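As C-alpha cells, the structure follows; a few thoughts come after it.
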Amino acid sequence: MMTNPTGRITQGQFSFLPDLSDKQITAQIRYGLDKGYAWSIEYTDDPHPRNTYWEMFGMPMFDLHDPAGILGELNDCRKTFPDRYIRMNAFDSTRGVESVAMSFIVNRPLTEPGFGVVRQEAEARHLRYTVHPYATDRPEGERR
Amino acid sequence: MNALDYRFPGAVKPAPVTAPAPDPGPGPEAPAAGAMDGPPPARSVAEVLAQTQVEDVLGELDRDLVGLVPVKARIRDIAALLVIDKLRTQHGLTSQSPSLHMCFTGNPGTGKTTVAMRMAQILHRLGYVRTGQLVAVTRDDLVGQYIGHTAPKTKEVLKKAMGGVLFIDEAYYLYRPENERDYGQEAIEILLQVMENQRDDLVVILAGYKDRMDTFFQSNPGMSSRIAHHLDFPDYSGGELMQIAQRMLDAQNYRFGDHAAEAFRRYLGLRMAQPHFANARSVRNALDRARLRQASRLFADRNRQLTADDLLTIEAGEILASSLFRTN
C-alpha cells in the first residue's frame, strides 16, 4: 500500500494543490489580515500528522497589518530552514474563538519520504497499527 | 521539487487558487476587467481625482494649514505626477514606479509631522501605499544599544511600517560623526536597502532641521540621492501665526476678548525675536499659558455666577501677564 502517493504530505489548507506562489501567499495573508487574524510562522522536520505544535519562527505577528512585512518574515524563515516544512498560521483572537483559523504549508523539503505503517503484536492476536514518518529515522537536525 | 502530476480520480485538473480577498478594482495589469466589476478605468484626470477623492485631501490641506505655500505647491505637483502615472498605466504605458521618498526640512513647529500625515493619506488614496498608516519613529526606535541589536530593531520597525509611510523625525540623529562606532550607520544601511528594493511597499519620509539635515546628507550621499523630493518648510509670518492662534482657539472653544488679539499680536512680535522660537508650537504653548491664567482669574472670584461668555473669553490681561512684557 502506498501511504504517500503524491510524494507530498497533505496537511492544512491547499495541500492538494501545487505550491502556492509568493503572490498567492500574499493574497491569503491579506485575506487573513482583513479578517483580523494574526499571522505566525512555524517550521518542523517531523511531518507526523499528530505533531501538532511545530517550532515557532519568531513571535506571532500581532503587530503587523500589511502582507509585505509578513512575507518578508517568511522569506527569512525559508532562508534559515530551506529544507524543512514551513507553515503559516492565522490566529483568530475573537473572544470565544481564540484558535487557529487558517493554516497552510508554504515550504517543503526537496524529497518527502512519507510514512510507513508499523504493526504491533498485542495480546490475543490483536494488531495495533500506527504510522511512522521515515523522516524521523534520522536524528534531529539531519532529517530532511 | 515533486511536481504534482498526480490527479484525483475524477478530477480533471487542480482547481485554480483564487484569492478570497476582495477584488481591489481594476489593477494595472488587467485594464479590461473594469467592464465586469468595480468602477470603469478612468480616462481623464477629473475621473481619477473623482475616483480617488484625492482632491478632498488636497482641499483639506489648503484649508487646514495656514501658509506653507511652496510646500502645498510641491505636494500638488507630486499628486499630479501620481495621477498622470495612473492614467499612463491604464493606457499600457509602463513607467517605473516613482520614487516617493521625501525629506521635510524646516524649523521647529512648521508643520512637518502634520503634512507627513496628510501625505500618507494622499498616497493611500492614489493607491501608492496600501494602507494610509503613518509610523512615526526617532533614532531610539531604530538604533540598538549593543552590537547586533540594531539590525533586528530596524527591521522590526520597517516590517511594522510596510504598506504605509515611515516617518523618521529628527533623522540627522541617525548618524553621529563624532562616534565612529555608532550603530546608527547600520540602521541607515538597512534603511537604504529597503528604500531601494521595496519601493512599492514603503515610503520613507525624513524630517529635521535644515542645517543639520544638510550635514547629514553630506555624510550620507547615498541617502540624499535616493530621496526624490526635498521639501523645505518656511517659517510662518506674524499674520500667519495670528491665523494659527485663532484656529487653535476656535478648536478649543475659546476666543480673544477685547484687545486680547492685539495684545497677542504684540506678544508674537516680541516672541519671534527671542531665541528658540518654535513657530506654531510656541503659539500653542503661549495660548496654553493664557488659558491657565484665565482659569486662575476665574477661580479667584469664588462667588461670581460665571456665564458661558466668561468661560470662553481670554482677556488682554492674561496675555500681557507674560514675562516677555515684564522684562521690556
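Naming: A, B, ... by sequence-line order, numbering from 1 per chain. Here the structure is a predicted model, which is why all the values come from computation and not from measurement.
Legend: side chain to side chain donor-acceptor pair (under 3.5 Å) pairs involving residues 56-70 of chain A, not counting sequence neighbours, sorted by first then second residue: A:Asp66-B:Arg130.
With a 6.0 Å radius and a threshold of 12 heavy atoms from other residues, nucleotides or ligands, A:Glu55 has its CD atom above the threshold. The local environment of CD in A:Glu140 is sparse, with at most 12 non-hydrogen atoms from other residues, nucleotides or ligands closer than 6.0 Å. For A:Met59, the CE atom sits in a loose shell: 12 or fewer heavy atoms of surrounding residues, nucleotides or ligands are nearer than 6.0 Å. Surrounding CD of A:Gln120 are more than 12 heavy atoms belonging to other residues, nucleotides or ligands, all under 6.0 Å away.
Applying a 4.5 Å heavy-atom cutoff, the residues of residues 139-160 of chain B that approach chain A are B:Glu156, B:Lys159, B:Lys160.
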